[in-house]
Amino acid sequence: MSEIESILKEARSFAPSEEFRARAIVSTEEAAERSYRESIDDPEAFWGRVGRELPWLTPFERVLDWSAAPVARWFEGGRLNASAVCLDRHLETERRDKVAIRWEGEPGDERSFTYAEAQAEVCRFANALLARGVAKGDRVAIYMPMIPELAFALLACARIGAIHSVVFGGFSAQSLRDRIEDGGCTAVITADGGWRRGKVLPLKDVVDKATAGIASVHTVMVVRRTENEVAWTAGRDVWYHDAVADASPELAPEPMESEDTLFLLYTSGSTGKPKGIRHTTAGYLVGTYLTTKTIFDLKEDDVYWCTADIGWVTGHSYIVYGPLACGATVVMYEGAPDQPHPGRFWELVQKHRISVLYTAPTAIRAFMRWGDEHVTKFDLSSLRLLGTVGEPINPEAWMWYRRTIGGERCPIVDTWWQTETGAIMLSPLPGVTSTPPGCATRPFFGVDALVVDEEGNELGPNQGGFLAIRKPWPSMLRGIWGDDQRFVDTYWSKFPGMYFPGDGARRDEHGNFWIMGRVDDVLNVSGHRLSTMEIESALVSHPAVVEAAVVARPDDLTGEAICAFVTIGSGQKPSPELIEALKGHVSTEIGKLARPSDIRFAEGLPKTRSGKIMRRLLRDIAARREIADDTSTLEDLGVIARLRDESS
Ligand code: PRX
């Protein structure tokens with residue numbers, strides 16, 4: 001049985017309003033179709049034209065060289081610099097004095113930087129790195145809170161051609177150490193601490209533990225943020241404010257080859273050590289620039305907020321590189337969404353008149369749980385476009401987002417992509433695509449996506465299978481740092497000639513792609529392969545449920561039995577009646593086959609720090625096994641103990 005059976009049916013669909021369509025950057029179905037066709041039939045003409053929209057130090061000679069597949073070479077012969085693409089290009093225009101970054105700290109402090117100010121800050125930062133001996137090609141680890149200097153750190157590395165490797169500020173000392181060692185980093189940029197839920201995260205302490213005994217790290221540059229006491233290693237450690245005090249605010253950008261590495265970003269798969277995903281300069285910038293402009297439909301007066309942390313790829317591509325290359329005003333927020341109250345996000349939207357908001361399904365489900373009253377007391381009329389990323393969004397959460405946050409007027413772009421893809425791959429175009437709730441809809445320009453069976457044969461409409469991508473695209477990963485063979489094995493061996501992202505999907509009769517979750521999470525019940533995501537969506541469509549995670553546990557009779565962990569809304573009580581009602585609800589929504597054997601109530605579900613549900617851990621709990629996996633990336637360790645107690 002090579003297919004994944006699709007049981008979710010969704011008849012609703014929402015087209016953009018005429019008002020939105022009329023102003024949109026891509027505003028007709030014909031224009032979208034024409035561009036898509038050209039991007040597939042003649043990718044070099046299409047991407048060559050987009051590539052020429054960036055400012056080059058030396059123009060490129062060739063658009064694509066795929067002769068060394070699966071390592072693509074895009075825009076060869078060209079030279080450019082990512083920090084100049086994001087900053088310098090705007091200084092010759094009236095954007096010079098436009099706000100580039102408007103930042104708010106968790107305690108409520110604010111700072112903002114125009115493009116001219118941001119460029120001067122980045123040059124000072126880059127000069128300070130040069131003075132410490134950081135050179136082109138060196139790897140620099142960045143372990144910081146969400147403060148403006150984090151964005152500047154990326155751009156300062158880019159300005160001198162150093163390769164940044166950002167490690168999310170919630171990772172443990174051991175995780176940071178592994179990444180510093182794997183990348184061979186010689187410098188670390190950090191802060192004394194960062195604010196999270198009213199407490200100081202002592203980042204410098206973690207860096208000290210992570211770097212102990214690593215002789216190759218010659219510099220640790222520390223931004224002062226929380227003013228907590230920090231230990232100091234003389235000669236190695238340097239305060240950022242001291243290092244930039246006399247640094248010049250000018251520095252010519254290093255001319256980088258198109259295929260020079262811009263950054264590494266580690267991603268942990270379900271097994272094995274984290275992979276240092278390698279992105280290069282030109283293709284990545286072209287991809288993030290075009291997707292930001294067309295999918296977020298950016299206009300000069302937009303105030304754009306992506307709520308991700310820069311420690312994830314979403315923050316790299318859609319806080320820093322994409323939006324700044326487009327000359328946008330970007331809002332950046334340091335803290336937690338419920339600090340000091342559960343309406344903090346909506347207060348920020350009201351205060352900064354945010355017009356484009358990009359967030360994650362896991363956050364949306366948390367807001368649903370906290371209650372509408374925390375949303376409706378703020379004025380959200382500035383919003384015009386909403387986005388989601390990171391996980392499949394179940395239709396009920398999508399509808400809530402549309403209604404309660406978007407006031408029924410904002411299109412929603414559900415964007416599917418990965419650390420590896422660098423930029424958005426599947427998404428509605430907000431001015432043209434009629435979008436069913438929970439659907440990432442169509443491939444972006446240049447993305448030749450299809451759904452295949454286990455043998456790599458293309459499947460027909462509504463047959464669930466494996467998502468695959470046939471052609472190279474500019475922002476694709478160029479490899480795994482230090483492990484070329486793993487790059488080929490992981491992504492290019494399952495289906496020869498095709499990129500395999502590891503997600504299940506189906507394409508409906510209208511050509512829309514529905515992501516069905518990671519193929520590792522697929523259940524096998526009585527010989528039927530079912531997607532966890534669809535059963536979870538059915539559970540969440542019951543009014544008592546706000547979040548659900550479905551996993552398999554071994555069963556003598558059916559092979560695998562369906563075990564659902566369910567978080568219910570405030571005001572709801574766990575009871576045997578509710579368990580029966582939920583099982584019955586799944587049966588009626590999608591059929592008896594998908595009826596869970598067990599329903600377990602959980603106060604919270606185990607999630608990675610980027611918000612993805614860790615179904616692997618739930619599988620162990622469901623089977624009452626010892627937890628075999630590394631739990632160091634878990635957001636809240638206590639959740640495991642509580643789940644254990646609740647299910648024993
Ligand atoms: O399973 C898909 C899911 O997140 C994976 C990529 O994770 P990461 O590299 O951490 O990047 C997250 C941000 C781009 C994918 O393989 N995923 C991401 N976006 C969606 C999604 N699943 C369904 N719908 C999405 N919109």
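Atoms within a ligand are numbered from 1 in the order they appear, just like the ligands themselves.
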- Item | P392 and ligand 1 - part of the residue with a heavy-atom distance under 4.0 Å | both

In terms of atom number and element, which parts of ligand 1 are under 4.0 angstrom from non-hydrogen atoms of [X]?
| X | answer |
| --- | --- |
| R518 | 1 (O), 16 (O) |
| I515 | 22 (N), 23 (C) |
| W417 | 6 (C), 14 (C), 15 (C), 18 (C), 19 (N) |
| T415 | 19 (N), 20 (C), 25 (C), 26 (N) |
| T419 | 8 (P), 9 (O), 10 (O), 11 (O) |

- Task: Measure from the ring center of Y318 to the ring center of Y304 and say whether it is less than 6.0 Å.
- Result: no

- Indicate, with yes or no, if the rings of W492 and F500 have centres closer together than 6.0 Å. no

- Query: Should R139 and E181 count as an ion pair when the cut-off is N to O under 4.0 Å?
  - Reply: no

- Query: Is there a heavy atom of G390 sitting under 4.0 angstrom from any atom of ligand 1?
  - Reply: yes

- Distance-only, no hydrogens or angles: does the D297 side chain make a donor-acceptor pair with backbone N or O of I25 under 3.5 Å? yes

- Looking only at N/O atoms, are K612 and ligand 1 under 3.5 Å apart anywhere? yes

